[in-house]
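Inspection log for the structure reproduced underneath, given as structure tokens.
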2 protein chains.
Amino acid sequence: MSNCEQCIVREFSALKTLTKDEVVSMSKCKTASTIKKGEALFVEGENVNGVFCIKEGVCKMTKLSANGKDQIVKLTQRGELLGQRSLISDEPANLSAIAVEDMEVCFIPKSEILGFFNNNNAFSMSVMKSVCGDLREADDTLVNLAQKNVKERLAQTLIYLEDNFGVFEDKSLKLQLSREEIASIIGTATESCIRLLSEFKKAGLIELQGKKITILDKVKLKRIIE
Amino acid sequence: MSNCEQCIVREFSALKTLTKDEVVSMSKCKTASTIKKGEALFVEGENVNGVFCIKEGVCKMTKLSANGKDQIVKLTQRGELLGQRSLISDEPANLSAIAVEDMEVCFIPKSEILGFFNNNNAFSMSVMKSVCGDLREADDTLVNLAQKNVKERLAQTLIYLEDNFGVFEDKSLKLQLSREEIASIIGTATESCIRLLSEFKKAGLIELQGKKITILDKVKLKRIIE
DNA sequence: GCTAATATATGACATTTGTCATATAATTTT
DNA sequence: AAAATTATATGACAAATGTCATATATTAGC
């Protein structure tokens with residue numbers, strides 16, 4: 001059992017506010033596990049009963065729409081906590097969490113987290129800030145979906161992927177999503193997404209090679225967003 | 001100066017968790033004011049430095065998009081608190097709050113609220129739940145904007161307005177928004193909104209009379225949403 | 001009550017986006 | 001390596017939505 005003390009998640013999440021004793025206590029009750037690409041950490045409607053720490057990998061938070069299509073609401077990565085909202089609201093998850101890369105996670109049971117809330121005000125405030133950050137991002141995404149057209153949203157998403165998940169040595173995006181997944185982020189049909197990617201390629205903005213996407217002209221791409 | 005003890009906002013918001021002493025302290029530092037329809041409580045980018053309690057009236061939370069159009073992200077009404085996110089994140093407001101009806105509000109300064117956070121864990125948890133509720137709603141709205149078409153979103157918004165703000169004796173919606181405001185909720189052009197309202201009217205789903213909108217056939221309207 | 005200003009309504013048309021069909025490429029299975 | 005499966009790509013067309021022009025109704029100011 002590895003010690004939580006040195007974990008990357010402690011560096012970036014609300015867990016940074018825990019005392020040494022609290023970290024020791026958490027180390028004892030956590031459960032580590034590996035999640036393969038495509039597998040779910042939890043699904044919409046499920047009682048999560050705790051929080052996941054993402055040590056490695058990226059997952060998509062999705063919600064099933066009435067028309068049967070999944071909408072990607074958010075991407076969550078290494079260093080972040082998952083399932084806070086559900087725990088605080090004491091409700092089943094309103095989103096599913098599906099790995100888009102192989103992941104390493106730890107599960108911390110609800111009782112442990114509630115203990116931190118009761119005894120450590122800094123932790124409460126830190127989690128609250130994190131949820132507020134999520135709310136702000138959700139509001140921004142919402143406005144983009146409502147006010148920008150599909151081309152603008154695609155350009156924005158490509159830049160978001162480069163800025164937040166980085167590029168390989170060959171400049172291609174590290175996070176390799178399927179066309180369907182990209183379409184599900186921007187809220188459009190897969191065909192429309194593919195068509196616009198082709199259009200961007202013809203215009204020399206990006207390069208496509210299988211799943212690899214490389215941004216060639218970020219400036220022009222940004223100009224599309226406005 | 002009226003006493004906060006009996007205020008409607010205490011009944012419905014996180015303020016219900018305050019102790020008697022805390023309420024007395026809050027009564028002393030609050031500032032009551034009247035906001036006319038169309039006036040702003042605060043605007044995007046502004047430092048709010050406190051929280052507003054809505055004693056009466058409804059306001060729209062809007063965000064200016066890059067294309068110059070305002071998007072309504074949320075409607076907030078009597079009994080609710082405003083500006084929590086901004087206070088917790090210690091950031092300027094990311095949304096503007098504009099009265100859509102005459103309002104009566106009280107302003108509670110930041111220092112007072114921070115005191116409650118430090119001394120009253122139930123208050124912290126209650127605010128956290130409220131923000132989590134907002135996050136859940138934002139996620140739902142986001143998915144609707146991405147996956148439903150304009151007609152479905154309009155039908156849904158009409159039902160939302162009836163369910164959440166009620167109707168007059170003549171069954172018309174109590175909250176009278178302009179066509180432009182309705183368009184700004186569903187994220188479409190004002191003309192498209194007007195056209196679809198006409199279509200609903202022709203189909204016998206609603207009745208239009210100036211600003212008055214009356215839902216005639218809620219069942220069929222719900223069927224449109226799916 | 002009249003005038004001006006604003007909001008609502010509708011037509012005409014262009015553009016965007018979705019859907020279905022089909023082709024090609026990439027990946028997985030055997 | 002071949003076959004089968006799945007993902008990506010593209011064409012053709014329909015449907016949805018946006019834009020601009022203009023008409024009519026409603027509201028506000030005098």
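Small disclaimer: the values here were computed from a predicted structure and weren't measured. Quick note on labels: first sequence line is chain A, next is B, and so on, each numbered from 1.
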Side chain of [X]: nearest nucleotide among [options]?
X	options	answer
Lys211(A)	dT8(D), dT17(C), dT10(C)	dT8(D)
Asn149(B)	dA16(D), dT8(D), dA9(C)	dA16(D)
Arg179(A)	dA7(C), dT8(D), dC20(D)	dT8(D)
Ser192(A)	dA9(D), dG18(C), dT8(C)	dG18(C)
Leu208(A)	dT19(D), dT19(C), dA9(D)	dA9(D)
Arg195(B)	dT10(C), dT17(D), dT19(C)	dT10(C)
Ser198(B)	dT19(D), dG18(C), dA9(C)	dA9(C)

Write down the distance between [atom1] ([X]) and [atom2] ([N]), rounded to a whole number of angstrom.
X	N	atom1	atom2	result
Gln209(A)	dA26(C)	CD	C1'	13 Å
Glu181(A)	dT6(D)	CD	P	16 Å
Asn67(B)	dT15(C)	CG	C1'	16 Å
Ile194(B)	dC20(D)	CD1	P	16 Å
Gln147(A)	dT16(C)	CD	P	17 Å
Lys151(B)	dT17(C)	NZ	P	19 Å

Sole candidate of Glu11(A), Glu56(A), Glu101(A) that passes salt bridge (charged side-chain N to carboxylate O under 4.0 Å, His left out) when paired with Arg78(A):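 The passing option is Glu56(A).
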
Interatomic spacing from CZ in Phe107(B) to NZ in Lys30(B) - rounded to 0.5 Å: 13.5 Å

Lys171(A) NZ: over 12 foreign heavy atoms closer than 6.0 Å: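 Atom NZ in Lys171(A) is not crowded, with 12 or fewer foreign heavy atoms closer than 6.0 Å.
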
Flag if over 12 foreign heavy atoms under 6.0 Å of CD, Glu199(A):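 Counting other residues, nucleotides and ligands, CD of Glu199(A) exceeds 12 neighbours.
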
